[in-house]
Q: 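First the structure, which I've put down as structure tokens, then a few questions once you've had a look.
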Amino acid sequence: MKDGFKKPLAVVLSAMLMSSASLTTLPTFTAMALDDIGTNGILQSDSSADENDNGSGNIFSDGGGSGSFIDSSVPEGNGVTTPYQISNYDQLVWFANQVNNGNTSINAVLTSDILANENVLDENGNLNSSLTSPTEWTPIGRTDDENRKYSGTFDGQGHIISGLYFNKSTDNVGLFGVNAGTIKNVGIADSYFSGRTYVGSVCGYNYSTVENCYSTSFVNGKYNVGGLCGENDYGIIKNSYITGSVNGKDSFGAICGESNNGDSILNCYYLGE
């Protein structure tokens with residue numbers, strides 16, 4: 001594991017001191033009528049407001065260029081020439097919805113560690129018995145349908161996604177359900193994935209590339225269950241590892257539950273119990 005790959009979340013608190021003199025120069029804002037609310041909930045004082053939208057849907061403009069309000073649930077970027085810049089859990093959910101609604105080739109990078117739920121696992125790495133009403137994850141690229149497989153590039157940039165929780169008797173379970181693109185440089189920690197078939201922490205079913213990833217999570221299922229990927233079919237998994245737990249009934253393994261059709265698993269290891 002490269003230096004700096006797994007790093008703690010840094011929290012930086014900044015304070016701005018304002019003198020009494022500066023209070024006299026605060027900008028003023030003009031109240032808007034209800035008919036100033038445009039489509040998609042975007043506030044605009046006139047028709048020129050749309051010109052200030054960067055196309056990502058995350059700019060709320062006052063039309064005058066004097067200020068804008070960022071919707072924190074929508075990441076910056078366009079997913080094509082500029083990957084979506086994901087910095088929080090709401091943005092990760094937004095990205096999953098985009099892919100699952102058919103925008104399967106969009107690209108994204110993580111710009112910070114992501115937290116979905118706290119203390120999903122107990123000190124022994126099992127599901128925390130005191131966990132109540134956790135936010136449940138919906139895997140990215142849920143089905144094998146050609147219009148729903150993820151086919152873009154998702155780069156964690158060395159960041160960690162923590163606290164994912166999924167517990168349903170269904171197929172294609174993980175951070176990603178079905179991957180036909182590239183998933184790289186991301187850690188999955190303190191997470192719980194329980195499904196039926198094709199269950200993993202990084203992805204349930206891999207047709208393409210998973211690299212430089214790791215998991216310290218709990219994975220459970222019946223068939224084709226793996227610590228990183230449930231099924232590796234014509235894909236490659238490399239430079240990755242798991243230290244969590246894997247439970248299955250048939251075709252389960254530390255790295256991958258089942259691997260076939262000319263696929264490759266290179267430089268991967270397991271340190272769990």
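This chain uses plain numbering: 1 for the first residue, then up along the sequence. In what follows, every heavy atom counts, from backbone to side chain, and hydrogens, waters and symmetry copies are set aside.
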Q: Would you call Asp190 and Thr216 a side-chain contact if the rule is heavy atoms closer than 4.5 Å?
A: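 No, too far: nothing below the 4.5 Å cut-off.
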Q: With no hydrogens and no angle check, is any side-chain donor or acceptor of Ser240 less than 3.5 Å from a backbone partner on Cys213?
A: yes
Q: For Ile236, give me all partners under side-chain contact (heavy atoms from CB on, under 4.5 Å), at least two apart in sequence or on another chain.
A: Thr209, Lys238, Ser264, Leu266
Q: Using distance alone, with no hydrogens and no angle criterion, decide if Asn260 and Glu231 have a side-chain donor and acceptor under 3.5 Å apart.
A: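 A donor-acceptor contact under 3.5 Å links the two side chains.
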Q: Passes side-chain contact (heavy atoms from CB on, under 4.5 Å), Ile140 versus Phe95? Steps please.
A: CA-CA 8 Å; Ile140 304 168; Phe95 180 79; 4.0 Å; yes
Q: Is there a donor-acceptor contact under 3.5 Å from the side chain of Ser217 to the main chain of Ile188?
A: yes
Q: Taking atom SG of Cys268 and atom CD1 of Ile255, what is their separation to the nearest 0.5 Å?
A: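 Rounded to the nearest 0.5 Å, the SG-CD1 separation comes out at 5.0 Å.
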Q: Decide whether Val178 and Tyr223 are clustered together by the hydrophobic rule: side chain heavy atoms of Ile, Leu, Val, Met, Phe, Trp, Tyr closer than 4.5 Å, transitively.
A: no
Q: How long is the straight-line distance from CD of Glu258 back to OG1 of Thr197, given to the nearest 0.5 Å?
A: 11.0 Å
Q: Do Val99 and Ile106 come within less than 4.5 Å of each other through their side chains, counting heavy atoms only?
A: yes
Q: For Ser87, give me all partners under side-chain contact (heavy atoms from CB on, under 4.5 Å), at least two apart in sequence or on another chain.
A: Gln91, Thr111, Ser112
Q: So which atom in Asn88 and which in Ser72 form the shortest heavy-atom distance, rounded to 0.1 Å?
A: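 Looking at all heavy atoms of both residues, the closest pair is ND2-O, 3.1 Å.
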Q: Out of curiosity, Ser259 OG to Ile265 CD1, how far, rounded to the nearest 0.5 Å?
A: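 Rounded to the nearest 0.5 Å, the OG-CD1 separation comes to 4.0 Å.
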Q: With heavy-atom distances below 4.5 Å as the criterion, would you say the side chains of Val225 and Ser251 are in contact?
A: no
Q: Compute whether any side-chain donor of one residue and acceptor of the other, for Asn206 and Asn179, lie under 3.5 angstrom apart.
A: yes
Q: Check the pair Leu110, Gln157 against side-chain contact (heavy atoms from CB on, under 4.5 Å), reporting the backbone distance first and the verdict last.
A: CA-CA 6 Å; Leu110 298 184; Gln157 298 193 125; 5.5 Å; no
Q: In terms of the angle between their ring planes, are Tyr198 and Tyr205 parallel, tilted or perpendicular, with boundaries placed at 30° and 60°?
A: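 Judged by the thresholds at 30° and 60°, the geometry between Tyr198 and Tyr205 is perpendicular.
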Q: Apart from Leu121 itself, what residues make up its hydrophobic cluster when side-chain heavy atoms of I, L, V, M, F, W and Y under 4.5 Å apart count as a link, directly or indirectly?
A: Val120, Leu127, Leu131, Tyr165, Tyr192, Phe218
Q: Does the side chain of Glu211 come under 3.5 Å of the side chain of Asn239 through a donor N or O and an acceptor N or O?
A: no
Q: Between the side chain of Asn107 and the main-chain N/O of Thr153, is any donor-acceptor distance below 3.5 Å?
A: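 Such a contact is found between Asn107 side chain and Thr153 backbone.
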Q: Can you name the residues that form a side-chain contact (heavy atoms from CB on, under 4.5 Å) with Ala180, not counting sequence neighbours?
A: Lys149, Tyr207
Q: Do the non-hydrogen side-chain atoms of Cys229 and Val210 ever get within less than 4.5 Å of each other?
A: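 The answer is yes; the side chains approach within 4.5 Å.
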Q: Does the side chain of Asp122 come under 3.5 Å of the side chain of Asn128 through a donor N or O and an acceptor N or O?
A: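 Their side chains do not contain a donor-acceptor pair, so the 3.5 Å distance test is not met.
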Q: Using the six-membered ring wherever Trp is involved, compare the ring planes of Trp137 and Tyr89 and label them parallel, tilted or perpendicular (cut-offs 30° and 60°).
A: tilted
Q: Does any part of the side chain of Thr82, heavy atoms only, come nearer than 4.5 Å to the side chain of Gln85, both counted from C-beta?
A: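 Sidechains of Thr82 and Gln85: in contact.
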Q: Linking directly or through intermediates, with side-chain heavy atoms under 4.5 Å: list the remaining ILVMFWY members grouped with Val109, chain and number order.
A: none
Q: Should Tyr214 and Leu228 count as side-chain neighbours, where that means a heavy-atom distance under 4.5 Å?
A: no
Q: So, taking the atom named OG in Ser245 and the one named CG in Asn126, what distance separates them when rounded to the nearest 0.5 Å?
A: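 It comes to 6.0 Å.
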Q: In chain order, what residues pass the side-chain contact (heavy atoms from CB on, under 4.5 Å) check against Phe166, with sequence neighbours excluded?
A: Glu136, Pro139, Arg142, Lys168, Thr170, Val173, Phe193
Q: Using the rule that two of Ile, Leu, Val, Met, Phe, Trp, Tyr join whenever any of their side-chain heavy atoms come within less than 4.5 Å, decide whether Ile237 and Tyr270 are in one cluster.
A: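 Linked within one cluster.
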Q: Could you tell me whether the side chains of Ser73 and Asp90 share a donor-acceptor contact shorter than 3.5 Å?
A: no
Q: Go through it in stages, so that I can follow the logic: the residues are Ile161 and Leu92, the test is side-chain contact (heavy atoms from CB on, under 4.5 Å), and I'd like the CA-CA distance, side-chain angles, deciding distance and then a yes or no.
A: CA-CA 10 Å; Ile161 300 174; Leu92 186 64; 4.1 Å; yes
Q: Do Ile183 and Phe176 have side chains that approach each other closer than 4.5 Å (heavy atoms only, starting at C-beta)?
A: yes
Q: Taking Asn117 for the side chain and Gly163 for the main chain, is one N or O donor matched with an acceptor at less than 3.5 Å?
A: yes
Q: If you define the side chain from C-beta out and look only at heavy atoms, does anything of Phe154 sit under 4.5 Å from Ile86?
A: yes
Q: Using the side-chain contact (heavy atoms from CB on, under 4.5 Å) rule, take Glu76 and Tyr84 through it: C-alpha gap first, then chi angles, then the decisive distance, then the call.
A: CA-CA 6 Å; Glu76 296 182 0; Tyr84 286 116; over 6 Å; no
Q: Please determine whether side chain to side chain donor-acceptor pair (under 3.5 Å) holds for the pair Asn100 and Gln98, giving the CA-CA distance in whole Å, both sets of side-chain angles, and the decisive distance to 0.1 Å.
A: CA-CA 6 Å; Asn100 294 337; Gln98 291 294 309; over 6 Å; no
